[in-house]
Amino acid sequence: MLNAGKLVGRTIFISGAGRGIGKAIALKCARDGANVVIADKTAEPHPKLPGTIYTAAEEIEAAGGKCLPCLVDIRFEDQVQSAVEQAVKKFGGIDVLVNNASAIFFIGTLETPMKRYDLMHDINVRGTYLVSQKCLPYLKTGTNPHILNISPPLNMQAKWFKGHVAYTMAKYCMSMCVLGMAEEFKPDRIAVNALWSLTAIYTAATHLFMGPDSIGQCRKTTIMADAAYAMVTRDSSSYTGNFTTDEDVLREEGVQDFDQYACVPGHPLLPNLFLNITPEELNKGLPQVGETRASQAPTGGPAETFEAINATLTEDILETVKVVFQFNLTGAEVGTWHLDLKNAPGGGGQGEPANKADVLMTMDSGDFVKMFAGEIHPYMAFMSGNLEVKGDLAMAIKLEKLMVQMAAKSK
């Protein structure tokens, strides 16, 4: 989607714009000649997450915008107040606020430390509310003023809470800000909307959380940037209180080619959380991942799946995964199985592991077979409540390395 110059000279305040989706939105606005305020706490590069507010500022100015990088932890009122005052002093006001900063911790209630609960609510809920509150006095006098929260529709189905109650609560509170503030500030013609991606988006954080092999199932951050641009350039007096997805927004703008946003054009995509769309519905007309190897995928029950798993194990898998799994299977074939990918020679079978499990997974036996056959993505199984995980989720995600190896071997 081409820039139309609608944001030239206007000031865009974005939380969490040092990298990822926030930075992509900042760059999109900069190409219009906008003033961009980065409110982010990343002053030093992370060993696994590249980029700081200063490197982002250089990119924004190279793209044609003006930038004010502000070192801000949005949990603290004085830091937010200072950043807002600096923005107004430098650029004369604030026209658009994008609440992008967010903390993520996908784990069950019993496994969630309260410091993690507090972090998510301090950033996602309190931070969004606080930054909005401090920007609103200036938005009231802004040009076509907008608040855009990167948050999901309020889908109250239990499956979107199960297994990660704390995260869903925190993320939905960002959306509740949209619901309330859109109505509260309608007389001031300040638009307040929520934008969510239809699919998984590939960022450095996605790379860490889902692994590098997830790139084919994701879209680029540019789709969110284009959708955000379209939303904040619409008439604020009439376009408010909306909960929408990037694809829906861009279709309304006349975009038809969505392969331009795919990390791997033609590859089946992974639906995002909190949306009632299945992978099959999303990828209608595309070959599903499991179809390309269906004839060679594990067949039968868990026993046959473990035979295929054991035949796939390599020293490389043991060296990189280093996790002991226990699977409690329900459904047609109830039973306990284990998979040791930590201790040589590795392998799995029926019963509990000889060494204590690092990760305990509970799921239907049929879904277990489908997951290792590539017909169900473990991430979607977990997020939709069909896979329960106890233990370190980062360790659980390492299981996908084995699944990728099995897929490659079956081709």
Side-chain angles (χ1 to χ4, degrees), residues 1 19-21 23-24 28 50 104 106 150 152 195-228 245-251 253 255-298 308 312 316-317 320-321 367-384 386-387 396-411:
M1 179 180 173
R19 57 172 71 101
I21 291 171
K23 188 176 83 169
K28 181 69 176 180
I104 303 171
F106 298 115
I150 307 303
L195 174 63
W196 196 237
S197 62
L198 179 65
T199 71
I201 301 294
Y202 197 74
T203 64
T206 309
H207 177 97
L208 279 180
F209 184 73
M210 294 174 60
D213 298 304
S214 65
I215 188 169
Q217 298 164 315
C218 300
R219 282 175 171 164
K220 304 171 188 174
T221 54
T222 49
I223 189 170
M224 286 291 283
D226 283 358
T245 66
D246 48 6
E247 185 167 315
D248 283 344
V249 170
L250 293 175
R251 287 192 184 279
E253 295 291 318
V255 175
Q256 297 180 354
D257 174 22
F258 287 90
D259 255 4
Q260 64 178 302
Y261 298 114
C263 292
V264 181
H267 193 287
L269 297 165
L270 189 64
N272 202 357
L273 317 177
F274 310 122
L275 302 175
N276 292 334
I277 184 169
T278 65
E280 292 74 22
E281 291 169 338
L282 177 63
N283 297 299
K284 189 175 181 180
L286 291 175
Q288 299 302 301
V289 174
E291 290 177 4
T292 61
R293 59 178 189 272
S295 62
Q296 300 179 52
T312 306
D316 175 61
I317 290 177
T320 56
V321 178
D367 287 344
F368 173 82
V369 173
K370 290 178 181 178
M371 187 170 72
F372 277 92
E375 297 173 20
I376 295 178
H377 193 283
Y379 174 75
M380 279 304 296
F382 171 71
M383 295 311 299
S384 62
N386 293 323
L387 167 62
I397 292 164
K398 290 184 177 182
L399 187 61
E400 190 163 359
K401 181 173 179 64
L402 173 61
M403 296 178 184
V404 171
Q405 292 264 22
M406 292 178 67
K409 188 173 181 179
S410 67
K411 288 181 180 178

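Just so we're clear, the structure is a prediction, and the values are computed from it rather than from any experiment.
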### Query
Considering all heavy atoms of both residues, which atom of Gly266 and which atom of Asp259 are nearest to each other, and what is their separation?
N-OD1, 3.6 Å
### Query
Between Ile150 and Trp196, what is the shortest heavy-atom contact and its length?
O-CZ3, 4.0 Å
### Task
Check the pair Leu269, Tyr261 against side chain to side chain contact (heavy atoms under 4.5 Å, CB included), reporting the backbone distance first and the verdict last.
CA-CA 11 Å; Leu269 297 165; Tyr261 298 114; over 6 Å; no
#### Entry: Reported CE-to-OG1 distance for the pair Met1 and Thr222, which is rounded to 0.5 angstrom
12.5 Å
### Query
How far apart are the closest heavy atoms of Ile215 and Cys263, and which atoms are they?
O-CB, 3.2 Å
#### Entry: Close side-chain approach of Asp226 and Glu253, heavy atoms under 4.5 Å
no
### Query
Excluding sequence neighbours, so at least two apart, what forms side chain to side chain donor-acceptor pair (under 3.5 Å) with Thr245?
Asp248
### Query
Taking C-beta and beyond as the side chain, do Val321 and Leu399 meet within less than 4.5 Å on heavy atoms?
no
### Query
Considering residues at least two apart in sequence or located in another chain, which fulfil the salt bridge (charged side-chain N to carboxylate O under 4.0 Å, His left out) criterion with Asp246?
none
### Query
Under the salt bridge (charged side-chain N to carboxylate O under 4.0 Å, His left out) rule, what pairs show up with a residue in residues 215-225, not counting sequence neighbours?
Arg219-Glu247
### Query
With a 4.5 Å heavy-atom cut-off, do Met224 and Leu195 have their side chains touching?
yes
#### Entry: Approximate separation, where rounding is to 0.5 Å, of Asn283 CG and Gln217 CD
9.0 Å
### Note, Phe258 side chain near Thr199 side chain (heavy atom, < 4.5 Å)
no
### Summary
Minimal heavy-atom distance between Ala225 and Ala24, with the atoms involved, is CB-O, 3.4 Å
### Query
Sub-3.5 Å donor-acceptor pair from the side chain of Asn272 to the main-chain atoms of Leu198, do we have one?
no
### Query
Hey, what do you get for CG (Leu275) to CD (Glu281), rounding to the nearest 0.5 Å?
11.5 Å
### Query
With side chains defined as the heavy atoms from C-beta onward, is the minimum distance between Leu387 and Asp367 less than 4.5 Å?
no
